[in-house]
Structure formats: structure tokens, C-alpha cells
Visitor: 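Sharing a structure, written as C-alpha cells. Questions coming.
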Amino acid sequence: MDSPIAVIGGNGRIGRLVVDKLLDRGERVRVLGRGPRAARRAGEVEYFRADVRDPGTLAAPLAGLSALVFSVEPGTSDSGPDSPEATMHRGVLSALAAATADGSRPHVALVSQIYVTRKSHSMNSYGRLLDWRLAGEDAVRGSGLPYTVVRPSWLTDRHAAGSQVRLEQGDTGEGKICRDDVAEALVNALYLPEGSGLTFEIYNESGSAASDWPRLFGALRHDSAAVAR
Ligand SMILES: NC(=O)c1ccc[n+]([C@@H]2O[C@H](COP(=O)([O-])OP(=O)(O)OC[C@H]3O[C@@H](n4cnc5c(N)ncnc54)[C@H](OP(=O)(O)O)[C@@H]3O)[C@@H](O)[C@H]2O)c1
């Protein structure tokens, strides 16, 4: 791509996989995180100490991007800095504002989760996690930017539930997904026109066929043609 790609949470488990895949494609990558830079391939990325709850830290690293990946752990407090509201709603809004302040229109790929529309799910008792994640999704969908909202099921580091990827919409499923497949979905969504304007859940199932991302994305309903929720 012509301009850098920023990965907020690029020191995290999904984030690092995304960063490696982008570096493999020859991209200039900016990693944003609160702590010290992770050692892995650190020399190849531009690292910024930044916190999505502190908009002032986002301006420089999110200026002039071609794409932005948001993969942030949300916190579970009912209010205050460790609340999902602070990270997944206000944090997303701050990232969108910083990434567009100079007129840029980056493709935004947001990591959300399954259950976001199931308000009575027990996960919503942790700081209204699901409600605020959905509000963050809505902010991305309403931003006017090209975007992809990826809703992972339960994350695993290996293929615990099979090696095949299944994408769904409607948020009714249950299952598991390997972090590497989530990272593949995020990265492919940035490059493939079929991946833009989509909200989908992602699962593994038995099988070993390599993922055909244009076909997987192409089989989904575009959000503009459906109720995204
Ligand atoms: N666990 C599951 O089964 C499951 C299922 C579906 C979705 N998810 C979601 O998937 C996403 C990625 O998961 P993961 O396993 O890769 O998580 P992870 O390894 O914990 O990485 C999350 C990253 O978030 C960053 N972060 C946290 N607060 C931040 C803040 N205020 N500002 C900037 N960065 C911040 C952290 O970076 P620093 O510490 O460097 O700041 C960390 O690198 C998370 O949103 C997670 O909730 C998880």
C-alpha cells in the first residue's frame, strides 16, 4: 500500500500475527501499544507508545494511514479507565478521529467478538462489554470509511476446532477460532474488495482446505444490503 498501516494492539497475540503478515507483504507498519515494544521483529516496525483512552497519543501514529487495525483488550470495569466504554467505544471514536484528522480515509479493520448482539449473555455483566463493543462496531460502520468488522469466536492458539474457516453473519453461533485465522481474515480484508463493508463472525470447523478469502468474503451479505446486527 502507498502509506503505512497502523496496528493498535500490535504487541498483542492477534496483533503480532497481523503485524508479521503485513511485514511479509512488504508494508510499512506502525505498532501502537501502552507498554514497551515487543521484541519480535520489533526492529522492522515503527513503534509508538499510545493508549486509545488518551487521544493525544494517537494523533502522530495514526496520521497519513492507508489502513488501521484495532485489536485491543477491552477491560471489564463498570466505569473508569478500565471499562469497555473507555476502550471499545470512546477508544474507537478517538482512533477514527485521529486517523481522519488530516483527510486520510484508511480502511479500518476492527476486532470485535461473537455475542455482541446477545444482550442477555453473561459477558455483558462485565462493564456492559457487549453493549460497548457493539457501540464501537456501530461507530466504525457509521464512519463512512471502508471497513471490516471481524467477530472472533473463542480464541485459540492452535487449530483446536479444525483447520477450516467458516464465516457467518447474524451472531447466533458458538465455537472456536485460531488467532492466526483471525489475523488472516483481518489482513485479507484490507486487500480484497470483497472484504470491505462486511461484519461477520469467524469459526473453525473440521477440514483442511486452504482458505479462499475472496470466496469466503464474497459469500457474505454486504452490511449496506442487510441489517448489520
Ligand atoms: N479471548 C477470547 O476468546 C476472545 C474472543 C473474541 C474476541 N476477543 C478479542 O480479540 C481481541 C484480541 O485478542 P488477543 O488475544 O490478541 O488479546 P491480547 O493478546 O490481550 O492483545 C490485546 C492488546 O490490546 C492492547 N491494549 C489494551 N488496552 C489498550 C489501550 N488502552 N490502548 C492501546 N492498546 C491497548 C494491549 O497492548 P499493550 O498492553 O501493549 O497496551 C494488547 O497488546 C481483544 O479485543 C479480545 O477481547 C477475545
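Order of appearance sets the numbers: ligands from 1, and atoms from 1 within every ligand.
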Visitor: When you measure from atom 25 (C) of ligand 1 to every protein heavy atom, which one gives the shortest distance, and what is it?
Guide: Gly9 CA, 3.9 Å
Visitor: Write out the residue and atom name of the closest protein heavy atom to atom 31 (N) of ligand 1, then the distance separating them to 0.1 Å.
Guide: Asp51 OD1, 2.8 Å
Visitor: How far is atom 23 (C) of ligand 1 from its nearest protein heavy atom, and which residue and atom is that?
Guide: Ser71 O, 3.6 Å
Visitor: Check this for me - ligand 1, Val52, N or O atoms closer than 3.5 angstrom, yes or no?
Guide: yes
Visitor: Does a side-chain N-to-carboxylate-O contact under 4.0 Å join Glu137 and Arg133?
Guide: no
Visitor: N/O of Trp154 under 3.5 Å from N/O of ligand 1, yes or no?
Guide: no
Visitor: Should you measure from each heavy atom of Val111, which atoms of ligand 1 turn up under 4.0 Å away?
Guide: 10 (O), 11 (C)
Visitor: Heavy-atom distances under 4.0 Å decide this one: backbone, side chain, both or neither, for Ser153 against ligand 1?
Guide: backbone
Visitor: Could you check whether any heavy atom of Ser112 sits closer than 4.0 Å to an atom of ligand 1, since that is the contact criterion I want to use?
Guide: yes
Visitor: Output the distance between atom CZ (Arg53) and atom CG (Leu58), rounded to the nearest 0.5 Å.
Guide: 11.0 Å
Visitor: Ignoring angles and geometry beyond distance, decide whether Val72 reaches within less than 3.5 Å of ligand 1 through its nitrogen or oxygen atoms.
Guide: yes
Visitor: When you measure from the centre of the six-membered ring of Tyr191, is the NZ or CZ of Arg25 closer than 6.0 Å and no more than 45° off the axis?
Guide: yes
Visitor: Counting from 1, what ligand 1 atoms have a heavy atom of Gly33 closer than 4.0 Å?
Guide: 40 (O), 41 (O)
Visitor: For ligand 1, which part of Arg133 has a heavy atom less than 4.0 Å away: the side chain, the backbone, both, or neither?
Guide: side chain
Visitor: Please list, in number order, the atoms of ligand 1 under 4.0 Å from a heavy atom of Gly12.
Guide: 19 (O), 21 (O), 42 (C), 43 (O)
Visitor: Do the side-chain N and O atoms of His107 and Thr148 include a donor-acceptor pair separated by under 3.5 angstrom?
Guide: yes
Visitor: Hey, is Asp181 close enough to Arg166 for a salt bridge, meaning N to O under 4.0 Å?
Guide: no
Visitor: On a heavy-atom basis, which atom in Pro84 and which in Gly75 lie closest, and how many Å separate them?
Guide: CG-O, 3.2 Å
Visitor: Quick one: closest heavy-atom pair of Arg34 and Arg49, and the distance?
Guide: O-NE, 3.1 Å
Visitor: Is there a nitrogen or oxygen of Leu155 sitting under 3.5 Å from a nitrogen or oxygen of ligand 1?
Guide: yes
Visitor: Is the shortest N/O to N/O distance between Tyr47 and ligand 1 below 3.5 Å?
Guide: no
Visitor: Side chains of Glu174 and Tyr115: is there a donor and an acceptor less than 3.5 Å apart?
Guide: yes
Visitor: Under 3.5 Å, is there a donor-acceptor pair between the Thr117 and Asp171 side chains?
Guide: yes
Visitor: Do Lys21 and Asp180 sit within salt-bridge range, that is, some charged N less than 4.0 Å from a carboxylate O?
Guide: yes
Visitor: Only heavy atoms count here, so choose which of Arg34, Gln113, Glu73 is nearest to atom 36 (C) of ligand 1.
Guide: Arg34
Visitor: Does at least one non-hydrogen atom of Ala50 fall below 4.0 angstrom from an atom of ligand 1?
Guide: yes
Visitor: Less than 4.0 Å between a side-chain N and a carboxylate O, is that true for Asp157 and Arg13?
Guide: no
Visitor: Look only at interatomic distance and state if Leu32 has a nitrogen or oxygen under 3.5 Å from any nitrogen or oxygen of ligand 1.
Guide: no
Visitor: Just heavy atoms, cut-off under 4.0 Å: does Arg179 contact ligand 1 by side chain, backbone, both, or neither?
Guide: side chain
Visitor: Taking atom types as modelled, is there a side-chain donor on Asp51 or Thr57 under 3.5 Å from an acceptor on the other?
Guide: no
Visitor: Any nitrogen or oxygen of Ile14, main chain or side chain, under 3.5 Å from a nitrogen or oxygen of ligand 1?
Guide: yes
Visitor: Counting from 1, what ligand 1 atoms have a heavy atom of Pro74 closer than 4.0 Å?
Guide: 47 (O)
